[in-house]
K.L.:
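Before we start, here is the structure in question, set down as structure tokens.
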Amino acid sequence: MNFAHDPSLPHSPPESAKPPPDGDGKMSACAPRRADVSASVSVFLIALPFALGIALATGAPLQAGLVAAAVGGLVAGSLGGSPLQVSGPAAGLTVITAELIQQYGWRTTCAITALAGLTQLALSALRTARSALAVSPAIVHGMLAGIGVTIALAQLHIVLGGSPESSAVANLEALPAQLASPGGADLMVGAVTVGALLLWPRMPGRLGGTLRRAVPAALAAVVLGTLLARVGGLRLEQADLPSWSSHTLPELPDGPVLGLLAAVLTVTLVASVESLLSAVAMDKLTAVRQRSGGPRVARADLDRELRGQGMANVVSGLLGGLPVAGGAVRSSANVAAGAVSRASTVLHGCWMVLAAGLLVGVIELIPLAALAALVMVVGIRMVNVGHIRSVARHREVIVYAATGVGVTLLGVLEGVGIGVAVAVGVALHRLTHTRIELERSADGTHQVRVRGQLTFLAVPRLSRVLGQIPERAVAIVELDGTFMDHAAYEALHDWRTAHVAQGGEGEIIGRSGQRIGKRERAHDCHPWQPWHNHACTAAGPPAASVPEGTDGPEHDQLLSGVRNFQRTTAPFMRRELARLADEGQRPSQLFLACADSRLVTSMITSSGPGDLFTVRNVGNLVPLPGTESADHSVAAAIEYAVDVLRVRTITVCGHSGCGAMYALHRSREKGPVEHPSSLERWLRHGRPSLDRVAAGTDVPRLDQRPTADVQEALALANVMQQLEHLARHDCVARRVADGTLALRGMYFHVGEAQAYVLESGGGTAEPPAGAPVFVAVRPEAEAAPQIIPG
């Protein structure tokens, strides 16, 4: 919406913001959206070589990969709870399936797949999908890394012209001999395939960008490897797709019951966890796309997704296909290609059916070395650097490494078991190893820092340290852990009671500064909490000291607040304020805001002493140079901040419900005033903002909704106008020109507690291209997710 339009007119949301036709990401099969058709083709081109490569890596018939891909698209795509998730044969199940084929044969493996699907259906009926996400990410990522290493080692032998061994250890032992005598043709085709996979996404130029968008890297790599083999006349083993009339179907399992039961549970666990984690990742990807103006997609129903995956595994197993799971690689490609509903996933399954029937001759031209190289790169990428950094931040590298090594050397089930055991050991270690330190600050405050979980095992050491605190001393106990048992709580409570009874002051706080161990009372307040929400500032002074005609408690809230600061906040801030007093102020930001009492600048910027040089006035106005008349304070503050303090950023912040904007708007209706008041003379500096709104030129807007009223439109335009006034000041223009100063516009909606930042138009006096937009600031927790390869 443009501010020049009548704000009273109704507004329809943009087409991209409208919900899908049935609110669940579903589409009518007879009228799929154009975006879904193009996305389905892109996903199909990625999934086709991937399905063949996974089938090759497991030792199953190549048709089994096509069956699983088709069933994943048609069945899981139609019945699943994640509209944009694409299911099919997954790399995470490759090693498990290969072991089952070696141990029980292919037809029994198909039956195990169907039984695993029935188990998934039972688990979905019990609504246990969320509990699958309780598995530690370090174990999941370690399992995938171990599977990836196993896959890569096996496929490397095929790329080198040999045959893989039965285990990762055997493949590793045979690798030196294989490297000593590689097959030249296989190695050449594999090298071209790997090179294309790595370089295709990085092709420069306009032609390169067009090719990247039109042809996925996986398809391009397999095609180039196939062309090299055909054009060079290389004699290589090629893909073999026997007639569908001889396609094998499952048979009843034959083997030890416990072994078969373990196989079913292993396939169930890995397929379910991988699918559910991928569905959660797709929710985050679609949320990021929606914030960028994309369509709304319903969040995943995990129990329904587990039910869809179970039905897909039942059908795939009965039709002689590989186990099915949701794959983040294909799913993220589906989202990136612009899919808006589950129609893209279903159509991708349709294309797989057509390919299995019509492209058999083309598929049989593909060298096995090209497919092996494709799967090898996928396996290597499963050792994800981002995952390693994530587990390292949470100090769980040992869990990740133990799981990965265990899966590589012993197998998936054994490796996961080792990972769970190590994770439990790490948790117990953290629970029993607690560091307790005592420090004495310059002001005499004794601070006890407890690092780790506080249990009964640490109570003797805690009591010994607390006993070193002198009587009548001010003491603060800071707990940095996330758990405290009853014995530790009692020890801390008894110490504080005794310490206070002896004339001392004792406080127990958590990592964020909140008090621990006290019953919540009105006076347990935060620095930013309004006075009327707590009692620490409500007590009035003696009646004699209250001026006549004033409300005692109301009038003395300021002094009561100061007393509360001295009691609760000053002990924590004294050291930092002493440093600032000694070093002087060095703020990096000039923050120019309205004087409105509801706009708490330190709260909305999470800033503290020394961070912001703040200037506040009625309407957050910046008078143009030469128009300040008798008031030079704003210009003086700007000059001091820019030339003396050398701030790097100046922010002009407007807000909703601004009384100055209301008065400014009314002043135009009232017309000229013969004897203007001080407020009316000051508001003259905002008249260019009125003119901007009236002209409808370069009027800012919000990115998510139309403006509420004329006052909000004027407040947004006023921020833009004051930025232009700022740029007219000589000191500001000089610093902006040499690139050492940036200007920023900001708007705070008080009722929604939502901050918006001007996306364009700040930093120069030049008007932006198109209407400037205020973009909502989002928490870091909504950042783009990490996804699991597969």
Side-chain angles (χ1 to χ4, degrees), residues 53-60 90-106 109 112 138-183 186-187 190 194 255-256 258-259 262-263 265-267 269-270 274 322-323 368-369 371-384 387-388 391 397-423 425 789-790:
I54 293 298
L56 174 67
T58 60
L93 291 163
T94 302
V95 175
I96 299 170
T97 308
E99 291 177 351
L100 294 178
I101 293 173
Q102 290 179 5
Q103 185 173 359
Y104 298 108
W106 168 240
T109 300
I112 291 173
I139 296 175
V140 175
H141 298 324
M143 177 191 71
L144 293 173
I147 291 172
V149 170
T150 305
I151 292 172
L153 286 173
Q155 301 310 298
L156 179 57
H157 281 275
I158 299 178
V159 172
L160 293 173
S163 299
E165 303 294 334
S166 59
S167 68
V169 176
N171 281 319
L172 192 59
E173 291 175 346
L175 190 58
Q178 187 69 64
L179 289 171
S181 57
D186 293 279
L187 182 58
V194 172
L258 291 180
L265 293 179
T266 302
V267 173
L269 173 66
V270 176
E274 187 168 353
L322 290 170
L368 294 185
L371 293 177
L374 170 65
V375 179
M376 181 183 71
V377 173
V378 171
I380 293 173
R381 287 176 173 171
M382 291 174 73
V383 186
N384 191 297
H387 294 161
I388 296 175
V391 298
V397 173
I398 186 173
V399 178
Y400 176 92
T403 307
V405 172
V407 168
T408 303
L409 300 181
L410 302 176
V412 175
L413 197 59
E414 294 83 353
V416 170
I418 291 173
V420 171
V422 174

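Sequential numbering from 1 along the given sequence is applied to the chain's residues. Remember, predicted model here, so these are calculated numbers, not experimental data.
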K.L.:
Passes side-chain contact (heavy atoms from CB on, under 4.5 Å), Leu100 versus Val267? Steps please.
P.N.:
CA-CA 10 Å; Leu100 294 178; Val267 173; 3.9 Å; yes
K.L.:
With a 4.5 Å heavy-atom cut-off, do Val159 and Asp186 have their side chains touching?
P.N.:
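Sidechains of Asp186 and Val159: no contact.
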K.L.:
Within the 4.5 Å heavy-atom criterion, are Val399 and Val420 side-chain neighbours or not?
P.N.:
no
K.L.:
Closest heavy-atom contact between Ala57 and Val375?
P.N.:
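The answer is CB-CG1, 4.0 Å.
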K.L.:
Just how far is it from atom CG of Leu322 to atom CD1 of Ile54, taken to the nearest 0.5 Å?
P.N.:
8.5 Å
K.L.:
Indicate the atoms forming the closest heavy-atom contact of Ile380 with Ala152, along with that distance.
P.N.:
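Ile380 and Ala152 have their closest heavy atoms at CG1-CB, 3.9 Å.
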K.L.:
Can you check whether Ile96 reaches Leu93 side chain to side chain, under 4.5 Å on heavy atoms?
P.N.:
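When only atoms from C-beta onward are counted, Leu93 and Ile96 do touch, with a gap below 4.5 Å.
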K.L.:
Do Ile418 and Leu410 have side-chain heavy atoms sitting under 4.5 Å apart?
P.N.:
yes
K.L.:
Give the minimum heavy-atom separation between Leu56 and Gln155, together with the two atoms involved.
P.N.:
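Shortest heavy-atom separation between Leu56 and Gln155 comes out as CD2-OE1, 4.3 Å.
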K.L.:
Identify the two heavy atoms, one from Pro256 and one from Tyr104, that lie closest to each other, and give their separation to 0.1 Å.
P.N.:
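It is CD-CE2, 4.5 Å.
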K.L.:
So Thr109 and Thr97, do their side chains get closer than 4.5 Å, heavy atoms only?
P.N.:
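Yes, at least one pair of side-chain atoms sits under 4.5 Å.
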K.L.:
For the residue pair Ile147 and Gly92, what are the closest heavy atoms and their distance?
P.N.:
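Heavy atoms only, the tightest pair is CD1-O, 3.0 Å.
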K.L.:
I need the Leu172 CG to Thr150 OG1 distance, nearest 0.5 Å.
P.N.:
10.5 Å
K.L.:
Please tell me if the side chains of Leu156 and Leu175 come closer than 4.5 Å, counting only heavy atoms from C-beta onward.
P.N.:
yes
K.L.:
Ile151 versus Met376: any side-chain heavy-atom pair under 4.5 Å?
P.N.:
no
K.L.:
Could you tell me whether a side-chain N or O of Asn171 sits under 3.5 Å from a main-chain N or O of Glu165, the two making a donor and an acceptor?
P.N.:
yes
K.L.:
So how far is it from Tyr400 OH to Ile139 CD1, rounded to the nearest 0.5 Å?
P.N.:
13.0 Å
K.L.:
Could you tell me which non-hydrogen atom of Met382 sits nearest to which non-hydrogen atom of Ala91, and how far apart they are?
P.N.:
SD-CB, 3.7 Å
K.L.:
Got a second to check how far Glu99's CD is from Thr58's OG1, nearest 0.5 Å?
P.N.:
12.0 Å
